[in-house]
Amino acid sequence: MIARIIQEELAALVVKAQAEGLLPPTVKPRFQVEPPKHKDYGDYATNIALSLAGQARKNPRELAAWFAENLRKRQDLFAKVEVAGPGFINFFIAPRYWQQVPTVIEKEGPNYGRVDVGQGRRIQVEFVSANPTGPLHIGHGRGAAVGDTLSRILSFANFKVEKEYYINDMGRQMKILGRSVYLRAKELAGEKIDFPEDHYRGAYIIAIARALLEKEPDLLALPEEEGIERAKEFALTTILAEIKKDLEDFGVTYDNWFSEKSLYETSQVEKALSLLREKGLLYEKDGAVWFKASAFGDEKDRVVIRASGEPTYFASDIAYHYNKFFTRKYHRVIDIWGADHHGYIPRLKAVIKAFGLPEEKLQVMLIQMVNLLEGGRLKSMSTRAGEFVTLRELIDEVGKDATRFIFLTRRCDSPLDFDVELAKKQSRENPVYYVQYAHARLASLFRKAAEEGLGLPRVEEVDLSLLNTEEDFNLLKLLDYFPDTIEACAVNLEPHLLTFYLLDLATALHDYYTKHRFLSEDRPRTKARLILAKAVKQVLACGLDLLGVSAPERM
RNA sequence: GCGCCCGUAGCUCAACCGGAUAGAGCGUUGGGCUUCGAACCCAAAGGCUGGAGGUUCGAGUCCUCCCGGGCGCGCCA
């Protein structure tokens with residue numbers, strides 16, 4: 001949080017500089033305050049002078065010197081303020097600033113780390129939304145981990161978040177699903193059938209068919225059309241229930257399960273399309289109805305109603321996003337898709353623009369593919385043939401915690417090689433244990449302290465200036481940086497930053513642990529260190545919770 | 001052919017709106033438990049950031065071209 005304080009100081013000084021005529025009133029203060037890579041450059045550094053020098057036609061070092069001069073007055077914050085290099089300003093933060101960090105954490109409790117990026121605005125995050133035609137696989141797992149964690153972080157950053165799963169419960173895929181189950185049922189009844197190549201061939205279809213026959217023994221006596229319809233409904237509810245269960249066991253729950261079919265039942269498709277028609281953005285050609293997507297940056301126009309009279313999936317999506325923005329009035333919407341859908345973005349963005357909305361209202365996050373590695377070799381997956389690793393298998397074999405953590409140790413736009421064997425190992429190669437171990441170690445420490453009759457001291461009665469070793473400061477600085485991390489995650493939609501932060505914090509804790517003792521004969525110091533330990537434990541637990549990973553007391 | 005994403009240490013990955021000497025883990029080599037949890041720590045080796053130009057005070061990051069990999073380019077979803 002010191003970064004924010006410095007930013008405010010600098011912003012105030014820009015105003016002052018303008019008042020004194022040092023800077024022209026027109027300059028736009030664009031600058032960063034960040035921890036520099038090298039320790040010699042202080043705890044934080046800013047490029048403000050370099051940034052303003054160009055605009056104001058001033059010497060950057062002279063400008064920097066002026067800022068530094070004024071900043072030195074804040075001796076409560078800065079031990080030293082230096083001008084360096086081409087015009088950077090380096091800040092060496094006063095020890096007593098760091099030493100009061102535990103007091104802040106104590107005071108804010110579980111709310112420590114909350115920031116106000118969202119200002120209470122409503123935001124929707126839609127993710128996974130896999131077709132309910134089969135079990136979730138490893139790729140959906142990545143989307144689930146990212147979507148859920150991002151949602152948790154956004155609520156922590158004061159957005160009012162709603163998580164949503166969009167169910168494609170109509171259209172051709174559903175018909176094929178129904179027919180697949182129906183055919184398997186026939187087969188189970190002893191009939192020889194020719195199972196079509198393009199139908200769902202996974203073993204789970206047979207299991208569903210068997211369950212259906214048990215429930216409705218007369219199924220095959222019904223007219224075929226009706227039988228297929230029954231099979232479809234049954235398959236949909238069965239598969240959806242399994243998807244829901246898998247996600248719950250993965251730590252993911254939704255606020256809404258939104259049915260595509262409902263868009264038609266409540267005539268929202270008509271409504272959305274007529275809005276576009278009124279604007280003159282729909283036209284007929286070759287018997288189909290087209291949307292003028294090319295007028296809004298897409299490559300070409302897109303069909304919304306086929307010549308057959310059936311609406312396309314795109315028509316549903318137009319209505320769905322009409323619903324998101326106009327019926328439910330979300331301030332912002334985030335759609336999380338697999339990277340293979342990226343070609344779809346321009347057309348949906350075109351819809352948003354056609355609606356007269358600013359493009360940024362909709363953000364589409366693409367999650368890159370997951371490759372499965374087994375023993376270091378790439379394993380090919382084929383959904384059609386029913387050969388894939390399911391999310392369920394990962395939860396059962398690898399565990400929720402390790403799986404989520406691994407998915408979150410990568411940037412979303414980087415493809416991920418998932419090594420199942422490695423993920424199963426309970427060793428250092430598996431980074432989740434590194435962070436959890438830090439937490440469990442601290443839990444153990446407090447058990448030990450209790451055994452020795454040491455209660456938790458109150459922060460007011462502790463001399464925090466005793467936290468004065470290099471390792472103390474490492475931890476204090478990281479603790480202070482936690483809210484900044486949350487902010488960065490929320491602003492950039494990058495949950496992996498939190499994962500890396502937690503790894504850093506765990507590293508600093510383990511380092512501390514080997515170099516110092518928390519409990520000693522020196523009572524004042526012991527108290528101070530217990531306060532520090534408590535703060536670290538709290539932030540670790542909070543961060544792990546945001547990742548949807550457990551923070552064990554023992555392991 | 002066109003579009004999007006990626007290319008960073010042997011391997012898997014970081015690097016916040018362009019910042020100063022590009023960082024971790026694994027693996028390799030060598031060290032560290034009579035003391036709160038060794039699932040830990042310390043040290044060493046390891047790099048022309050795929051290549052070539054350009055923009056500027058300054059480029060892994062931005063622009064152009066090339067090479068290599070992935071994914072798209074339906075009246076499929």
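Residue numbering restarts at 1 for every chain, and letters A, B, ... go by the order of the sequence lines. Heavy-atom basis, side chains included; hydrogens, waters and symmetry copies ignored.
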Exercise. Across all strands shown, which nucleotide pairs with rA59(B) by Watson-Crick or G-U wobble geometry, both distances under 3.5 Å?
Worked result: none
Exercise. According to the interplanar angle, ranging from 0 to 90°, do the rings of Y512(A) and F518(A) count as parallel (below 30°), tilted (30 to 60°) or perpendicular (above 60°)?
Worked result: tilted
Problem set entry | Assigned partner base of rA24(B), Watson-Crick or wobble definition, under 3.5 Å | rU12(B)
Problem set entry | Closest to the D286(A) side chain, choosing from rC75(B), rG19(B), rC40(B) | rC75(B)
Seminar exercise, completed: A45(A) has its side chain closest, among rC16(B), rA20(B), rC36(B), to rA20(B)
For this session: Ignoring backbone atoms, establish whether Y433(A) has a side-chain N or O less than 4.0 Å from OP1 or OP2 of rA39(B).
Result: no
For this session: Under a 3.5 Å limit for both distances, which nucleotide forms a Watson-Crick or G-U wobble pair with rU34(B), could you say?
Result: none
Exercise. Does N474(A) reach the main-chain N or O of A508(A) with its side chain, forming a donor-acceptor pair under 3.5 Å?
Worked result: no
For this session: Starting from P on rC73(B), measure out to CZ on R302(A) and report it in whole angstrom.
Result: 9 Å
Problem set entry | Phosphate OP1/OP2 of rA20(B): any K37(A) side-chain N/O under 4.0 Å | yes
For this session: Using whole Å, report how far OH of Y166(A) lies from C1' of rA77(B).
Result: 10 Å
Exercise. Quick one: does E34(A) reach the base of rC16(B) with a side-chain donor-acceptor pair under 3.5 Å?
Worked result: yes
Problem set entry | Distance below 4.0 Å between R447(A) side-chain N/O and rG37(B) OP1 or OP2 | no
Exercise. Can you find a pair of side-chain heavy atoms, one from T133(A) and one from L236(A), that are under 4.5 Å apart?
Worked result: no
Problem set entry | OP1 or OP2 of rA38(B) under 4.0 Å from side-chain N/O of R441(A) | yes
Exercise. Has K37(A) got its NZ or CZ under 6.0 Å from the middle of the six-membered ring of Y41(A), at an angle within 45 degrees of the ring axis?
Worked result: no
For this session: Write down the distance between NE2 (H516(A)) and P (rC42(B)), rounded to a whole number of angstrom.
Result: 12 Å
Exercise. For the pair made of CG in D522(A) and C1' in rC36(B), what is the distance, rounded to whole Å?
Worked result: 15 Å
For this session: Look at the side-chain N and O atoms of S444(A) and state whether any lies under 4.0 Å from the OP1 or OP2 oxygen of rG37(B).
Result: yes
For this session: Determine: side-chain N/O of R411(A) to OP1/OP2 of rA14(B), distance under 4.0 Å, yes or no.
Result: yes
Seminar exercise, completed: Side-chain atoms of K300(A) come closest, of rG19(B), rC75(B), rC73(B), to rC73(B)
For this session: Rounded off to whole Å, could you give me the OH-to-C1' distance for the Y434(A) and rC13(B) pair?
Result: 16 Å
Exercise. Side chain of N90(A), base of rA20(B): donor and acceptor closer than 3.5 Å?
Worked result: yes
Exercise. Taking atom C1' of rG72(B) as reference, at what distance in whole Å does atom CD of Q368(A) sit?
Worked result: 11 Å
Seminar exercise, completed: Atom CZ of R410(A) and atom C1' of rU8(B) are separated, to the nearest Å, by 15 Å
Exercise. Does H341(A) make a side-chain donor-acceptor contact with the base of rG72(B), cut-off 3.5 Å?
Worked result: no
Problem set entry | Among rC71(B), rC36(B), rU21(B), the one nearest H342(A) by side-chain distance | rC71(B)
Exercise. Would you call the rings of Y344(A) and W337(A) parallel, tilted or perpendicular, where under 30° means parallel and over 60° means perpendicular?
Worked result: perpendicular
Exercise. Can you tell which of rA38(B), rA20(B), rC4(B) lies closest to the side chain of Y41(A)?
Worked result: rA20(B)
Seminar exercise, completed: Applying side chain to side chain contact (heavy atoms under 4.5 Å, CB included) to P415(A) and not counting sequence neighbours gives Q368(A)
Exercise. Can you find a donor-acceptor pair, distance only, under 3.5 Å between D340(A) side chain and rG72(B) base?
Worked result: no
